[in-house]
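The analysis underlying the following values was restricted to heavy atoms, covering all of them including side chains, and did not include hydrogens, waters or symmetry mates.
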Amino acid sequence: MHDGAVDLKVEARARIYAQPIAAVDPAQPDLFAQDAMWPIFERLRAEDPVHRTDSEAYGPFWSVTLWNDIMAVDSNHQVFSSADGITLQSLESKAENEKRGTRPSFISMDPPRHDEQRKTVSPVVAPSNLQTLGPLIRERAGQILDRLPIGDEFDWVEHVSKELTAMTLATLFDFPQAERQLLPYWSDMMTNAPGHGPVRSWEQKREVLDEMVGRFVGLWNERVNAPPAGDLISMLAHGASTRDMDRAEYAGNLGLLIIGGNDTTRNTISGSVYALNKHPGEYRRLRDDPSLIPSMVSETIRWQTPLAHMARTATQDFELGGKTIAAGDRVVMWYVSGNRDPGAVEDPEAYRIDRERPRHHMSFGFGIHRCVGNRLAELQLTIIWEEIMKRFPTIELAGEPQRTHSIFVKGYETLPVVIPARA
Ligand code: HEM
């Protein structure tokens with residue numbers, strides 16, 4: 001059988017290895033969309049682990065690709081500030097943001113403001129709240145799975161991954177469940193550039209996001225006049241460090257929670273079905289021993305690395321890996337590469353659902369910005385798999401996925417599958 005995707009990857013690998021190392025540039029959404037970026041990171045880890053690129057599309061930036069160097073950057077917020085934004089943005093999208101006005105959120109703040117705002121929203125994902133959420137997520141997961149067709153092809157992203165995460169997020173916001181589909185739609189609007197996902201133009205993106213903010217301002221106004229409750233909007237409206245936020249900061253924090261609480265988990269749910277299909281021996285082991293579900297979940301989070309990078313700005317000159325990063329330079333921590341660093345993870349290219357330390361990965365980051373929702377993400381994934389295993393002996397890929405065109409969100413637009421039979 002002729003597999004065009006394989007040819008494409010072989011070609012990309014040859015091209016990447018033919019370049020002088022100085023010309024190697026990881027900021028290529030086309031390669032991420034084809035899953036063909038891996039040789040870039042393999043080369044950088046081996047030949048130039050702290051690497052400078054002067055990109056026409058993204059401006060100058062440093063790439064940090066080894067586990068220990070990424071840790072050194074992520075855990076040093078004094079030197080590596082988040083205040084100038086935490087993603088490597090194309091110059092085009094930066095110009096668009098400047099036109100629209102930035103929407104700061106606590107992920108792109110340094111202490112003390114970061115710490116105060118993070119503290120305001122963390123109770124929603126505290127263990128006691130997760131205990132309450134667990135049964136609700138299980139009930140919904142069951143309903144979603146019971147509606148799926150048997151023997152007919154369908155899109156797993158649309159019918160399962162988006163559905164479950166939208167339901168959970170609607171609960172966290174106390175947003176009307178009947179309109180939950182708006183949440184992943186807005187999330188896709190925020191993370192895509194024109195021509196990708198649902199985004200057709202910058203104007204359309206601006207209009208839709210203004211509508212989103214309008215809806216949430218309405219909810220804020222309702223909640224601020226009601227007694228404090230346990231949902232995120234009420235927490236922000238009543239929290240001492242957030243109740244005086246302006247509209248832009250409120251919008252920024254909403255964006256953070258919508259993308260954080262949605263895209264990443266959605267793409268891991270899709271990634272788990274894909275990974276297990278590509279590793280049928282591991283899928284068989286999981287079926288034989290469902291107690292492996294939690295470690296399979298963590299291994300998938302490592303293997304998938306739903307957010308490929310986080311970026312920082314140096315506040316002072318800093319030596320890293322024999323290079324001098326100058327004050328003001330942009331620095332990109334490629335988690336997607338750290339998770340495949342053989343110096344930190346044994347046999348990192350393998351997908352193994354019974355690793356001894358399955359949570360040993362960098363997909364949630366480190367330091368003061370480490371993912372606040374990490375336990376909620378694991379909970380949703382664990383529950384959906386427990387419910388899948390009760391119902392379906394297998395879920396089978398019916399074709400290759402369409403991947404997200406992004407150097408930040410590493411995920412799936414579509415994932416065609418068939419469920420041959422019920423258990
Ligand atoms: C598999 C799923 C997830 C992944 C891979 C993921 C990944 C990340 C990463 C890489 C960071 C930044 C870490 C750093 O800079 O050191 C982060 C921060 C954050 N995540 Fe997640 N996340 C996931 C799920 C969630 C969920 C379910 C929520 C919401 C309920 C959430 C909310 C947040 C928030 C609010 C932050 C900002 C924390 C801060 O700046 O202090 N994430 N996440």
Is it true that the side chains of [X] and [Y] contain a donor and an acceptor less than 3.5 Å apart?
X: Asp30; Y: His405; answer: yes
X: Asn339; Y: Ser363; answer: yes
X: Arg312; Y: Asn76; answer: no
X: Ser270; Y: Ser161; answer: yes
X: Tyr58; Y: Glu92; answer: no
X: Arg330; Y: Thr313; answer: yes
X: Asp155; Y: Thr414; answer: no
X: Gln380; Y: Thr168; answer: yes
X: Tyr412; Y: Glu400; answer: no
X: Ser82; Y: His369; answer: yes
X: Gln117; Y: Asn253; answer: yes

Distance-only, no hydrogens or angles: does the [X] side chain make a donor-acceptor pair with backbone N or O of [Y] under 3.5 Å?
X: Asn277; Y: Val273; value: yes
X: Gln204; Y: Arg200; value: yes
X: Asp74; Y: Phe366; value: yes
X: His238; Y: Arg223; value: yes
X: Asn267; Y: Thr264; value: no
X: Arg140; Y: Met167; value: yes
X: Lys205; Y: Met190; value: yes
X: Thr242; Y: Leu236; value: yes
X: Ser234; Y: Ala229; value: yes
X: His196; Y: Asn192; value: no

Closest heavy-atom contact between [X] and [Y]?
X: Leu209; Y: Trp186; result: CD2-O, 4.2 Å
X: Ile150; Y: Pro420; result: CG2-O, 3.4 Å
X: Lys9; Y: Ala36; result: CG-CB, 4.2 Å
X: Arg43; Y: Ile16; result: NH1-O, 2.9 Å

Could you point out which residue of Trp67, Trp334, Tyr335 forms a ring pair (Phe, Tyr, Trp, His ring centres under 6.0 Å) with Phe41?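 Single pass found, and it is Trp334.
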Does the pair Glu387 and Lys390 meet the rule for a salt bridge (Lys or Arg N to Asp or Glu O under 4.0 Å), with working shown? CA-CA 5 Å; Glu387 296 304 311; Lys390 283 182 200 162; 2.7 Å; yes
Side chains of [X] and [Y]: closer than 4.5 Å at any heavy-atom pair?
X: Pro149; Y: Ile419; answer: no
X: Glu139; Y: Gln143; answer: yes
X: Leu286; Y: Trp385; answer: yes
X: Phe32; Y: Thr404; answer: no

Around atom CD of Glu56, are there more than 12 heavy atoms from other residues, nucleotides or ligands closer than 6.0 Å?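 For Glu56, atom CD is not crowded (no more than 12 foreign heavy atoms under 6.0 Å).
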Output for pair (Tyr185 OH, Glu179 CD), nearest 0.5 Å, gives 13.5 Å
Atom CE in Met389, atom CG in Asp289: separation rounded to 0.5 Å?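 So the CE of Met389 and the CG of Asp289 are separated by 8.5 Å.
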The criterion is side chain to side chain contact (heavy atoms under 4.5 Å, CB included); which residues satisfy it with Glu349, sequence neighbours excluded? Arg45, Arg340
Report the C-alpha distance between Asp188 and Arg266 in whole Å, list the side-chain angles of each, state the deciding distance to 0.1 Å, and finish with yes or no for salt bridge (Lys or Arg N to Asp or Glu O under 4.0 Å). CA-CA 12 Å; Asp188 291 344; Arg266 177 215 300 183; 3.1 Å; yes
Of Arg352, Arg357, Arg302, which meets salt bridge (Lys or Arg N to Asp or Glu O under 4.0 Å) against Glu346?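 It is Arg352, the one option of Arg352, Arg357, Arg302 that forms the salt bridge (Lys or Arg N to Asp or Glu O under 4.0 Å) with Glu346.
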Cation-pi geometry met for Arg287 and Tyr283 (6.0 Å, 45°):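 Judged by the rule, Arg287 and Tyr283 form a cation-pi pair.
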Within 45° of the ring axis of Phe175 and under 6.0 Å from its six-membered ring centre, is that where the NZ or CZ of Arg180 lies? no
